[in-house]
Each structure stands twice: as C-alpha cells, then as structure tokens.
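The structure is given below, and queries will be raised subsequently.
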Amino acid sequence: MKLAGKVAMVTGTSPNIGGGIVEELAAAGASVVCVDNDPANAQDAARYLQSRGTSAIAVACDVCDEAQAEAAVARTVREMGRLDILVNNAATFNRKGVLDMGVEEWRRQIDVILTGTFLYTRHAAKAMIASQVRGSIINIISTAGHQGEPRNVAYGTAKSGLLNFTRSVAMELAAHGIRVNSLTPTATDATEAVDRAKRWGRNVEDTKARRDAMESWRKRTPLQKLPAPSDYGRAAVFLASDDATMITGIDLRVDSGVVARYWGWDPAAEA
C-alpha cells in the first residue's frame, strides 16, 4: 500500500486511461477525487471505487474554468483533509489538421489540455504548500506530443507543450518539496477499458473494428504489445510514491518502445 493515507485527484476519469489510473491509485491505498467534465465519468468512477472500499468523491468540472478548478481543490481539502497527488489527465480529441481545424476548435482543445493543467496545478500546488504537503503532480502526455502526427495538430501541440510545462513547474515547486513529472502513454489496448466500463455498469462491447485497429497499432510496437490503462496506473503510483522521492522534471514513457524506435525499422516485418 504505497499510497496509504494519501489523497489523489485525477482529472479525466473515463473508463480508459483515467479509469486505469484511478483504480491503481486506489489499489495502492490512496483516497481518490474523480474529476471529469462528463458527470457520468466522475460519478461512475467514484461509485465503483466506493464499492471496493476506497474513499472517493466525484466532481463534475470544466477544467478550463478557474473558479470550478479552485472549488474542486477546496472541496478536496475540506472533505478529504489534504491533497497529496494530482494527475492532470483531462483531454479532448479533435482529429483535424492545420488546413481544416477552425480556430475555436483549436482554442478549445489547447484550453482543455494546457490551460486545464495550468489551473489544476496552480490551485493544487497552493493547497499543498498551505498544508506543507510534499506532493506529487503528474501530467499525462501522449506519444503524439513527442512525434509529428498529421491531422492531429492541436492535440499534439498541446501535449508537447505539457512536456516543458512539467519541467518548468518542477523547477518552480522544487523548493516546496513538490515533485512534478509527466507520463507518456501511447495507443492503448481497449480490452481493459471495455471490461472496466462494464464493471462500472455501462453497456458497451468490444467491436471487431476496434480490435482490428488495435492489432494494426500493436504490430508497430517494438514490444509487440500495447499497454493497458492499468500499466499507466502502476507507473503513476510509482511516480507518486516514496520510491520516486528523488525524481522530478522527467517524462516516464510507458509506450512499448515506440518513441525510442528508429523510424526505418519495422517491428512487424521482423516479427
């Protein structure tokens, strides 16, 4: 129970990556605050954790609204007594490129990913400092933030921006004993997310189209396997725990080796 007695807040708690993170944080002993723009995501995540004996609350929040972000942090401290861990995972997807993305679509996606992370980091850090908590902040990136992906311009740009946001804030908060790191997922095996959604009481199915898409991605990975959301969750537990006391300002890639891969090497052909 590496996180026993800790309180963690996670933004973006759908059954996919965010769901895997909240469940692994809870399994490691943390109480969890589930934040999502979609009330169902926050409520289903918190309800499931509560059914497993974890202290959890749900917060429906637009991460781009500073008043709502500040209120979410204040509620966490008021009801949970403290805030030790923040995972900035909230994101929105809009697969358009520079030629067809409208400026308002651009602004919204940049706002959710970058401004949302800024606001939650700002108010969580203030709460940690006021309580003299030597906390941990983890920003969720994407392999799209490391590489040039066409027709996904705002997402990749925002995720790339989070890499240096992480380094900058890590340096700023080091004096307060608050560690700031990032975690990079990649294309993710959907099987676990489907199973999690069912456990949360949702009616979903793992379609053939989804399986075919995942198989296509899997063949391109050096490890010939796609990570599951729980893989990211266990990495988040590590970064948030005392095992990572001397780690700040780094990006931990849980990506089956895809960022490190030489562009001309085809793992599928070798396999």
Side chain to side chain contact (heavy atoms under 4.5 Å, CB included) assessment of Arg167 paired with Ser182: CA-CA 9 Å; Arg167 290 186 285 261; Ser182 62; over 6 Å; no

Glu23 side chain to Ser230 side chain, donor-acceptor N/O pair below 3.5 angstrom: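 The answer is no; no qualifying pair exists.
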
Shortest non-hydrogen separation from Val180 to Leu173 and the atoms involved: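 That closest heavy-atom pairing would be CG2-CD1, 4.0 Å.
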
Backbone N/O of Asp62 and side chain of Asp65: donor-acceptor pair under 3.5 Å: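 Side chain of Asp65 to backbone of Asp62, a donor-acceptor pair under 3.5 Å: no, none is there.
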
Non-hydrogen atoms of Pro229 and Arg196 that approach each other most closely: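 Taking every non-hydrogen atom into account, CB-NH1, 3.8 Å.
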
Minimum side-chain heavy-atom gap Glu70-His123 below 4.5 Å: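 Heavy-atom side-chain distance check passes, below 4.5 Å.
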
Side-chain (Lys159) to main-chain (Ile140) donor-acceptor, under 3.5 angstrom: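 Confirmed, Lys159 side chain pairs with Ile140 backbone.
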
Tyr232 side chain vs Thr184 backbone, donor-acceptor pair below 3.5 Å: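 A pair under 3.5 Å: no.
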
Side-chain touch Val87/Ile85, heavy atoms, less than 4.5 angstrom: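 Touching, per the 4.5 Å side-chain cut-off.
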
Side-chain heavy atoms of Val33 within contact of Val73, under 4.5 Å: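 A side-chain contact is absent here, since even the closest heavy-atom pair is not under 4.5 Å.
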
Leu49 side chain near Cys34 side chain, heavy-atom distance below 4.5 Å: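 Heavy-atom side-chain distance check passes, below 4.5 Å.
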
Under 3.5 Å: donor-acceptor pair, side chain of Arg179, backbone of Ile247: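 Checked: pair present.
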
Leu226 versus Asp189, closest heavy-atom pair with distance: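 Heavy atoms of Leu226 and Asp189 come nearest at CB-N, 3.8 Å.
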
Side-chain donor/acceptor of Ser241 to backbone N/O of Asp243, under 3.5 Å: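 Answer holds: yes.
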
Nearest atoms (heavy-atom pairs only) where Glu205 meets Val194: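 Answer, listing the atom of Glu205 first, then Val194: C-CG1, 4.1 Å.
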
Flag, side chain of Asp84 to backbone of Val7, donor-acceptor distance under 3.5 Å: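 Looks like yes, one N/O pair under 3.5 Å.
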
Heavy atoms of other groups near Arg211 CZ, more than 12 under 6.0 Å: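 More than 12 heavy atoms, drawn from other residues, nucleotides or ligands, come within 6.0 Å of this atom.
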
Check: Asp242 and Lys2 side chains under 4.5 Å, non-hydrogen atoms: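 With C-beta onward as the side chain, the pair stays apart.
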
Electrostatic pair Arg210-Asp212, nearest N-O below 4.0 angstrom: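 A salt bridge is absent here (no side-chain N lies under 4.0 Å from a carboxylate O).
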
Co-membership, hydrophobic cluster, residues Ile110 and Leu163, 4.5 Å side-chain: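 Yes, because Ile110 and Leu163 connect within a single hydrophobic cluster, where side-chain heavy atoms sit under 4.5 Å apart.
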
Asn94 and Trp106, any side-chain heavy atoms less than 4.5 Å apart: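 No, every pair of side-chain atoms sits at 4.5 Å or beyond.
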
Check: Lys219 main-chain N/O paired with Gln224 side-chain donor or acceptor under 3.5 Å: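 At least one qualifying donor-acceptor pair exists.
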
Check: Gln50 side chain, Ala56 main-chain N or O, donor-acceptor pair, under 3.5 Å: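 Indeed, once roles are kept as given, a pair shorter than 3.5 Å links the two residues.
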
Glu149 to Ala144 - nearest heavy-atom pair and separation: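 Heavy-atom minimum between the residues: OE1-CB, 3.5 Å.
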
Verify same cluster id: Phe238, Ile141 (apolar side-chain graph, 4.5 Å):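 Looking at the clustering, Ile141 is in a separate group from Phe238.
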
Note, Met101 side chain near Gln109 side chain (heavy atom, < 4.5 Å):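 Yes; the side chains approach each other to less than 4.5 Å.
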
Derivation of the side chain to side chain contact (heavy atoms under 4.5 Å, CB included) call for Val169 and Asn139: CA-CA 11 Å; Val169 177; Asn139 300 318; over 6 Å; no

Show every donor-acceptor pair shorter than 3.5 Å between a side-chain atom in residues 112-122 and any protein atom, with sequence neighbours excluded, or say none if there are none.
from   : atom 1 : to     : atom 2 : distance (Å)
Thr115 : OG1    : Asp111 : OD1    : 2.6
Thr117 : OG1    : Ile113 : O      : 2.7
Thr121 : OG1    : Asn88  : ND2    : 3.0
Thr121 : OG1    : Thr117 : O      : 2.7
Arg122 : NE     : Glu66  : OE2    : 3.1

Arg220 to Trp217 six-membered ring, cation-pi geometry met (6.0 Å, 45°):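 Cation-pi check for Arg220 and Trp217: passes.
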
Flag if over 12 foreign heavy atoms under 6.0 Å of CZ, Arg75: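 Count over threshold, so yes.
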
Verdict with supporting geometry, Lys96 and Glu105, side chain to side chain contact (heavy atoms under 4.5 Å, CB included): CA-CA 9 Å; Lys96 292 185 179 180; Glu105 294 175 302; 2.7 Å; yes

Joint cluster assignment, Val35 & Ile57, ILVMFWY side-chain distance < 4.5 Å: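 They do share one cluster, since a chain of ILVMFWY contacts under 4.5 Å joins Val35 to Ile57.
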
Ser131 side-chain N/O to Arg82 backbone N/O, donor-acceptor pair under 3.5 Å: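 No; zero donor-acceptor contacts below 3.5 Å.
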
Glu215 atom CD, neighbour heavy-atom count above 12 within 6.0 Å: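 Yes, because the 6.0 Å sphere around CD of Glu215 holds more than 12 heavy atoms from other groups.
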
Atom of Met128, atom of Leu86 and distance for their closest heavy-atom approach: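 Smallest interatomic distance, heavy atoms only, reads CE-N, 4.3 Å.
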
Main-chain N/O of Tyr48 paired with Ser51 side-chain donor or acceptor, under 3.5 Å: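 It does hold such a pair.
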
Residue pair Asp251, Thr166: steps toward the side chain to side chain contact (heavy atoms under 4.5 Å, CB included) verdict: CA-CA 8 Å; Asp251 179 61; Thr166 298; over 6 Å; no

